[in-house]
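Below is one structure, written out as structure tokens, with a few remarks after it.
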Protein chains: 2
Amino acid sequence: MKRRRMKKDKVTINDIAKEAGVSKATVSRVLNNPEKVAETTRKRVLEVIQRRNYRPNPLARALTVRKTGVIGVIVSDISNPFYAVMVRSIEEVCRAYAYYVFLCNTDGREEEEEFYISSLIERRVDGIILGSVDLESKSFKRLEEAEIPFIFVSRLPRDREKYDYVMIDNVLGGYIATRYLLSLGHTRIAYLGGRWNTSSNLDRFEGYKKALQEAGIEIQKEYVLCGEFSMEGGYREGLRIIESGNNRPTAVFCANDAMAIGLLEACRERKVRVPEELSVIGFDDIPLSALGCIQLTTVSQSIASLGALSGKMIIDKITNVEKRNAKQQVVLPPKLVVRRTCARVSGEGGGNP
Amino acid sequence: MKRRRMKKDKVTINDIAKEAGVSKATVSRVLNNPEKVAETTRKRVLEVIQRRNYRPNPLARALTVRKTGVIGVIVSDISNPFYAVMVRSIEEVCRAYAYYVFLCNTDGREEEEEFYISSLIERRVDGIILGSVDLESKSFKRLEEAEIPFIFVSRLPRDREKYDYVMIDNVLGGYIATRYLLSLGHTRIAYLGGRWNTSSNLDRFEGYKKALQEAGIEIQKEYVLCGEFSMEGGYREGLRIIESGNNRPTAVFCANDAMAIGLLEACRERKVRVPEELSVIGFDDIPLSALGCIQLTTVSQSIASLGALSGKMIIDKITNVEKRNAKQQVVLPPKLVVRRTCARVSGEGGGNP
DNA sequence: ACTTATAATAAAACCGGTTTCAAAAAAAGC
DNA sequence: GCTTTTTTTGAAACCGGTTTTATTATAAGT
């Protein structure tokens with residue numbers, strides 16, 4: 001089975017050793033512990049390395065040093081702009097530190113998450129960023145056994161205090177959003193939530209409750225709906241809000257921008273004027289929200305920072321073994337960005353037909 | 001340097017061999033050439049493998065068989081929705097075939113492209129999907145030397161006939177778009193192009209020219225602008241179109257939807273009514289374009305198919321060595337989707353102030 | 001029954017590096 | 001100048017698999 005055509009394979013450490021007249025151990029040292037080899041030999045070996053344009057095979061290297069230089073990033077769907085910009089900045093910092101990223105989409109399905117996690121362990125990735133666990137997710141337990149560093153970003157599991165993460169202060173965000181609506185005179189405020197059993201949804205809801213309670217307003221069951229963190233989800237539940245009859249809310253706090261935009265779609269379709277008849281506020285501040293024809297008032301989180309910080313954090317955990325056991329938990333502040341979709345409540349009695 | 005705490009490391013092929021009372025060669029055969037090992041031993045070994053939950057180390061495996069099971073995907077920016085949905089479906093088919101994807105963003109910079117390509121070669125990826133080469137890009141030449149399969153998707157280099165690719169019929173798309181505007185009575189039609197030296201831009205422009213020539217309309221220099229394939233690009237050049245004075249076009253064919261939406265932004269800002277005063281048509285049909293408040297008329301390409309087909313194609317090239325040298329070139333048909341942003345031209349003389 | 005072909009397995013070499021250990025060379029000490 | 005310490009280097013073992021080659025057991029042929 002000789003290879004056809006004398007294909008010149010990559011130059012290996014043996015080639016270099018032979019050509020430089022040293023052992024391969026020495027070549028390896030020149031690359032990894034240059035101070036341990038004599039000036040003259042080092043130069044000679046280096047010259048050959050340069051001339052032959054030698055680069056060590058990362059696979060072989062990984063096999064012995066047990067570091068692959070790749071990290072796994074698990075999100076539910078990269079075509080969701082939130083994750084897209086997050087992953088973008090993760091990739092950016094990884095590149096700067098010579099790490100590669102394996103991109104994994106789970107579609108929010110636990111089986112896929114399990115599959116990817118065990119598969120990434122098998123592939124010996126150096127670390128994993130988990131971007132969309134459910135509150136009850138257990139799949140990451142295997143990472144603890146395998147002793148592979150991992151962090152959560154944006155969404156957290158139960159017992160968050162035991163893990164590393166970077167996220168935004170969601171309850172504060174929910175509080176800010178709701179307070180803002182209250183400040184505009186609204187009292188009938190709905191919560192349009194995303195996938196229920198996620199920390200981000202629950203935290204934001206927490207903030208919503210807190211603000212209402214402080215204002216002495218009781219939470220009404222009919223005013224809290226939940227669906228999926230997507231435009232379609234927002235549209236579907238949005239229709240139900242719109243058609244909720246003579247007790248319709250005057251404002252809606254949406255758990256994320258995608259849902260808010262879905263709701264806006266529903267409003268446009270049913271000729272409900274925003275913000276005159278219905279105020280809507282979102283969460284995330286995805287690029288889309290700034291668009292002229294949308295101008296969604298929202299609670300902004302710096303998605304890019306989220307990505308950059310989590311990239312930085314996982315690399316830190318990988319390289320600083322000492323820090324491995326020191327919990328790192330960063331929570332970013334949310335910020336209200338006022339645009340066009342919220343207005344002072346009109347008639348005190350509410351504006352229903 | 002003994003490892004602290006008796007950490008139980010992954011079970012290796014040696015463990016299995018010992019426990020089953022065979023040589024590691026036999027274990028390997030059980031996994032890779034089961035027919036070459038006797039029924040009884042096979043069963044015995046398999047039992048041990050199951051019981052110990054053994055999975056071969058992919059790194060070690062890759063080292064000898066020279067297949068890593070990962071493919072590189074190079075795009076300019078994953079946060080661009082076009083690439084996001086494309087990569088999404090690439091990842092999906094890869095997962096189905098047990099391949100992993102390395103995600104690489106180049107921001108359209110040739111240095112980054114070069115860096116990634118050589119770096120991916122070094123890492124021994126099995127194949128590469130190039131999602132955003134410039135027409136004059138040469139960086140992929142190294143892939144030919146390294147004999148790593150690669151295909152282009154969406155954007156092509158010069159000499160396209162020599163390479164494998166999957167893309168949409170861009171000149172047909174440009175032709176369709178322009179014909180549609182012509183059919184609405186427009187004669188002053190501008191071309192708002194993206195990054196100039198890309199095949200998609202040039203092809204779409206080609207289609208534009210063809211349609212105009214057929215209609216006996218001369219191409220006017222002032223009517224062809226080019227910027228970047230982004231909202232900002234569309235906005236910036238869009239302003240110039242809007243302010244182009246008494247010879248303003250009545251319709252604009254935008255090289256992609258992002259630019260079209262940027263142009264729409266500019267129109268909204270400058271109070272140019274679309275489609276009454278200006279018709280605009282885009283290209284791509286990204287999810288955003290269907291939004292109620294946008295409803296962009298556009299030339300649709302199935303971005304997901306683009307991704308799925310290219311994923312399929314690269315895997316095919318990797319696994320079917322025979323097919324390696326048979327060029328595969330698939331070009332998908334574009335489709336006009338009429339929404340809201342184009343109208344019959346108003347006053348024959350044009351509607352300028 | 002005795003070679004001969006064939007199937008099943010083990011031993012060894014290899015993939016391309018790193019690392020331990022021991023030997024050789026150079027520097028230091030007296 | 002000779003022993004002792006320190007540097008510098010090479011040989012060998014290892015990482016965890018696959019593959020070639022050699023060996024042994026079994027089946028087939030005459």
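These values consider heavy atoms only, across backbone and side chains, with no hydrogens, waters or symmetry-generated copies.
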Between C:dG17 (P) and A:Asn33 (CG): distance, integer Å:
16 Å

Might you list the N or O atoms of the protein lying below 3.5 Å from N or O atoms in nucleotides 22-27 of chain D, with each pair's distance?
none

Between the two end axes of the helix from C:dA1-D:dT30 to C:dC30-D:dG1, each built from 5 base pairs, what angle do you get to the nearest 10°?
50°

With sugar-phosphate meaning primed atoms plus P, OP1 and OP2, does A:Asn14 contact a base, only sugar-phosphate, or nothing at under 4.0 Å between heavy atoms?
nothing

Applying side-chain contact (heavy atoms from CB on, under 4.5 Å), name anything that partners A:Leu143, two or more places apart in sequence or on another chain.
A:Ile117, A:Ile121, A:Ile128, A:Leu130, A:Phe140, A:Ile148, A:Phe150

Can you tell which of B:Met313, B:Met86, B:Met167 makes a side-chain contact (heavy atoms from CB on, under 4.5 Å) with B:Val153?
B:Met86

Cut-off 3.5 Å, side chains only: do B:Tyr54 and B:Thr12 have a donor facing an acceptor?
no

Donor-acceptor list for residues 32-40 of chain B side chains, cut-off 3.5 Å, not counting sequence neighbours:
from	atom 1	to	atom 2	distance (Å)
B:Asn32	OD1	B:Arg61	NH2	3.1
B:Asn32	ND2	B:Ser28	O	3.1
B:Asn32	ND2	B:Ser28	OG	3.4

Can you check the A:Lys67 NZ to C:dT18 P distance for me, whole Å?
15 Å

Between protein and nucleotides 8-11 of chain D, what N or O pairs are separated by less than 3.5 Å?
from	atom 1	to	atom 2	distance (Å)
D:dT9	OP1	A:Thr41	OG1	2.7
D:dT9	OP2	A:Ala38	N	2.9
D:dT9	OP2	A:Thr41	OG1	3.1
D:dG10	OP2	A:Ser23	N	3.0
D:dG10	OP2	A:Ser23	OG	3.4
D:dG10	OP2	A:Thr26	OG1	2.8
D:dG10	N7	A:Arg29	NH2	3.0
D:dG10	O6	A:Arg29	NH1	3.3

A:Ser154 side chain to A:Tyr83 side chain, donor-acceptor N/O pair below 3.5 angstrom:
no

To the nearest Å, give me how far apart CG (B:Asp15) and C1' (D:dC15) are.
13 Å

Modelled atom types, side-chain donor and acceptor of A:Glu113 and A:Thr106, under 3.5 Å
no

Examine the side chains of B:Arg95 and A:Tyr116 and answer whether a donor and an acceptor come within less than 3.5 Å of each other.
yes

Whole angstrom is fine here: how far is it from CD1 in B:Ile13 over to P in D:dG16?
11 Å

Nucleotide nearest A:Ser28 (side chain, heavy atoms from C-beta), chosen from D:dC15, C:dT18, D:dT18
C:dT18

Which atom pair, heavy atoms only, marks the closest approach of A:Thr68 to A:Val125?
OG1-CA, 3.6 Å

For DNA chain C, what residues of residues 45-65 of chain B have any heavy atom nearer than 4.0 Å?
B:Leu63, B:Thr64

